[in-house]
Amino acid sequence: MPEANLPKTYDPAGTEARWQQAWESSGAFHPDPGAPGEPFSVVIPPPNVTGSLHMGHAFNTALIDTIVRFQRLRGKNVLCLPGTDHASIAVQTILEKQLKAEGQRKEDLGREAFLEKAWAWKAESGGTIVGQLRRLGYSVDWQRERFTLDAGCSAAVIEAFNRLHEQGLIYRGEYLVNWCPASGSAVSDLEVEMKEVDGHLWHFRYPLTAGAAADGRTHLEVATTRPETLLGDTAVAVNPKDPRYADLVGQTLTLPLVGRQIPIVADDHVDAEFGTGCVKVTPAHDPNDFAIGQRHDLPLITVMAKDGTMNEAAGRFQGLDRFEARQAVVAAMEAEGFLVKVEPYRHSVPFSDRGKVPVEPLLSTQWFVRTEPLATRCREALDAAAGPDPRFVPERWSKVYRDWLTDIRDWCISRQLWWGHRIPAWFVVSETGGAITDSTPYVVARNEEEARAKAEAQFAGGVHAHPVVLEQDPDALDTWFSSGLWPFSTLGWPGEAGEAEPPDLARWYPTSVLVTGFDIIFFWVARMTMMAGALMSDREGSGIPWIPFRDVYIHGLVRDENNRKMSKSAGNGIDPLLLIERYGADALRFALVREVAGAGQDIRLDYDRKSDTSATVEASRNFANKLWNATRFALMNLGGETPASLGAPDRAALKLPDRWILSRLARVNRETAERYGIYGLGEAAKGLYEFAWNEVCDWYLELIKRRLNPGENPGTEALADQRTARQVLAKVLAELLVLLHPLMPHLSEELWHGLTGEPEGTFLALQPWPAVDEMALDDALEASFSGVIGLIRIGRNLRAVRGMKPSEKIGQVGIATENDGIRQVISIASDDFKSLIKADSIGIITGSPEYKSIVGISGTSQVHVEVPESDVPALRARLDKDLAKAEKEIKGLAGRLANPNFAAKAPPEVVAECRANLAEAEMQAELARKRLADLG
RNA sequence: GCGCGAUUAGCUCAGCGGUAGAGCGCCUGCCUUACAAGCAGGAUGUCGCUGGUUCGAACCCGGCAUCGCGCACCA
């Protein structure tokens, strides 16, 4: 608690830990679904349990927590639900790497022991992450913490898989998939990243079987970047409109090294302009070739095994690794005279995101989700007459989302991994001799018992074995399958059959907003909406939206000081904890949010790696310290009273500065609430920073110091006025702390307790947002005040120009002005303002003052600052400056007014304003000239 | 190839039709009992280039350039 005798600087460490503990142990963020208030819910993007958090998580957390804390202050029934993701392939990759370092493979351990290791890893990494999220002051409900592989989420996955299968949206089949030889698993299209690499284009000759064509040609020339696949070629394709080859279509070629007769086919896919216009076709090893193969009914010949080595179909190349095989095939082709030439060639190669090796398109039997019906449903929601659902902020991301949902390909969901949700399908191996083959029948069920019943019904009796022998599919599901269920699995879906919806689901689904980075719109956002379309659109009480979030707030990435994306692999990540330890969680959060612009741009966090410091975060730390000291000042001056004991000020007793700051406060309150409400978080932060520092601290606190310290033996009037000042000060500060709370939760909680004296069990976090005092709003007064502030600034500048020390007192300051508002403020509040310019007095004058002075001009006002003796050079310099400024303005304004079209076409108020400004500038210039002339 | 974003003060970025802004940094002077993590004052910009719309453009429209991102991809 800040008190007068307490440190001058804010030390966040102890404060933050204390409030985090107090919030959590009191269950402050553990909402009751039955509690009143409009529901507001957010499920956090669950971080992967792959180690520890990075700055991107801190950023995401700062944004979400700002939003939910605001909504809580607004009186909503807020649930913010935390959790982590099991990150199937990522975690398994880490663990396998660890095993490899110990000279082991996962097969040496066996599935069960390996999974034990994985759970141990999860416990450690998950614990670290949860600890880090706590250190940020996340106002989530830890009692509802979830993990994508916990019992509830696993049940949801099984239920979802079964329902999708029942709806015909999940199927199993043999297709060309992206095979990652490093992880030994299929991966989805999204997990493949195209990378430009420097390779070669090999040109080969494929001889015509017939020996020579009518025109004497004996071969076709094809080019390839992947010579090893030639072993699986089953055709050569040309464009049907290509006159060079029209007469050869239908003939056959003899595949070199292999001797297979392969046809020449005509296919539109082939670009006649590229290369020789002839393409070798390897349907089992290339997606385009696969398509050509389908169209021409070509055989599929797989020449590579799943570990990336050549198989028996590769003949003499069997056993070679795919890259060795490439060299060997080229050498053989050259030796046998089929190699025409080799060119260096830069091209794109698909890489596995996780394995970091080129993926291999391979024929494989996998499980797929049929995405088109789901994507269609999502696109329809986006085009709903009632407005887009979900609503993207910023809007432009909805195009990205929509485009992806258009022409979407089916989603390969099975992974040949152990860490993850095991696929709830059982093979009836008794039908195929005890082994799983591509033709083994299977049943999809919710558990083995149900599977057995289904299998018995289908296969027992007759020629079939009895009892049936089942074996569960050894594969796991894509990690994003369970992530796709996150907004409802975490709320208790599916619940008990026949029972009412789980209370959390009934209360908080759909969630209010999803806050996430643009990099996972496809992986996650679209998967959640597709899953919800299949599983949530038939909720009881139709008419309830099924899209799992009303808004999707997309934010950018955190970049490092060199504008590079922060990532673990690039090694340029910054540990949020380092900055929290140095500056405090509030400072880090405030800095991150403050950087956010409206349009969801990436943010750059400056950082000095030598000293582990960040100027940006430091500036926010300084702001926290400023607030600390402003509150310390209040505590020293409130005479032991609190906002409550002081009570609301009597409106009639308010002095001008009070009315000004209360008007500003009401306006800032309204603006801030609006900004928070529309995700204008950066604007909210900047607005509060400026209000707190530049208005409350710089001006209001200074203006009331005299009233707060009326001196020895004050009269009753002075005491009453002191009380008014105290009341306003207490109100402004207490309310400011509420407005700031979503951004700086710990500091505001701490200072609020200090200011109000509320017991530890009462929380600012749970207070109501203060009502906007509409009566206090006074535009005219705010304008007059900023005019006066401008004049005081000019006066201070005159002092500086005159070379006066800040501590040096001056005599009189005279203001000559035609502005009624300014005149009024100066004459009524002269005692308040005089000390801000260190003058004996400040007052309104007409014409020139009687004392020696130097003058500054602003608008229609002049500031005269008394000086001990006239200082001609200083005065001349000042007037020259004013004159130059006025003349420049005159030139600009006169030019505009001289244009006849301007007066004719511009709105009258703009023209009038322009004329007024011109008159003012001319007056200023004239005045300056006159005074310069007087100087002689 | 298609799409998106960025280009404003030394740095990081606001502003998005009516006379160019903030933070940091920089310069000058101050330990003025809330705060030196501070106070007061100051300097700094042909708003990427180029056409156009407009009385008026950093802002709207068209082109170009540079940087970045996403999607697709020709062997």
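The basis for the numbers below is simple: all heavy atoms, side chains too, and nothing from hydrogens, waters or symmetry mates. For clarity, every value in this text was computed on a predicted model and none was experimentally measured. A, B, ... follow the sequence lines: proteins, then strands. Residue 1 opens every chain.
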Does a nitrogen or oxygen in the side chain of K280(A) sit under 4.0 Å from OP1 or OP2 of A75(B)? no

Is the phosphate of A34(B), meaning OP1 or OP2, less than 4.0 Å from a side-chain N or O of K705(A)? yes

Take atom CG in N901(A); do more than 12 heavy atoms of anything else shown fall under 6.0 Å from it? yes

In sequence, state the C-alpha distance, the side-chain angles, and the governing distance for K341(A) and E221(A), and then conclude on salt bridge (Lys or Arg N to Asp or Glu O under 4.0 Å). CA-CA 10 Å; K341(A) 61 175 172 178; E221(A) 187 180 320; 5.2 Å; no

Counting only heavy atoms not in K891(A), do more than 12 sit closer than 6.0 Å to its NZ atom? no

Hey, is the side chain of K399(A) poking within less than 4.0 Å of OP1 or OP2 on G5(B), counting only N and O atoms? no

Please determine if a side-chain N or O atom of W693(A) lies less than 4.0 Å away from the OP1 or OP2 oxygen of C39(B). yes

Pull out every protein N or O sitting under 3.5 Å from an N or O of nucleotides 25-31 of chain B, one pair per line with the distance.
residue : atom : partner : partner atom : Å
C30(B)  : OP1  : K805(A) : NZ           : 3.0

If you go through the side-chain atoms of S348(A), does one of them form a donor-acceptor pair with the base of C73(B) closer than 3.5 Å? yes

Is R604(A) near enough to C13(B) that one of its side-chain N or O atoms lies under 4.0 angstrom from OP1 or OP2? yes

So if I take residues 903-913 of chain A and measure heavy-atom distances to RNA chain B, which residues fall below 4.0 Å? K905(A), A906(A), P907(A), V910(A)

Heavy atoms from C-beta onward define the side chain here; which of A37(B), C71(B), C69(B) lies closest to that of F522(A)? C71(B)

Closest contact, heavy atoms only, A685(A) versus L743(A): CA-CD1, 3.7 Å

Taking only side-chain nitrogens and oxygens of N629(A), does any of them come within less than 4.0 Å of OP1 or OP2 of A37(B)? no

Would you measure the distance from the P atom in U12(B) across to the matching atom in C71(B) and give it in whole Å? 27 Å

Side chain of N901(A) - closest among A34(B), C35(B), C55(B): C55(B)

Check the angle between the aromatic planes of F59(A) and H555(A) and answer parallel, tilted or perpendicular using the 30° and 60° thresholds. perpendicular

Stems of at least 3 consecutive Watson-Crick or G-U wobble pairs (donor-acceptor distances under 3.5 Å) involving RNA chain B, listed by first number, are B:1-7 with B:65-71, B:10-13 with B:21-24, B:26-30 with B:38-42, B:48-52 with B:60-64

Strictly below 4.0 Å: does R793(A) bring a side-chain N or O up to OP1 or OP2 of A40(B)? no

Kindly say whether, by distance alone, the side chain of K8(A) makes a donor-acceptor pair under 3.5 Å with the base of C35(B)? no

G41(B) phosphate, OP1 or OP2: any side-chain N/O from R796(A) under 4.0 angstrom? yes

Whether Y583(A) contacts A37(B) is assessed here as follows: a side-chain N or O lying under 4.0 Å from the phosphate OP1 or OP2. Is that the case? no

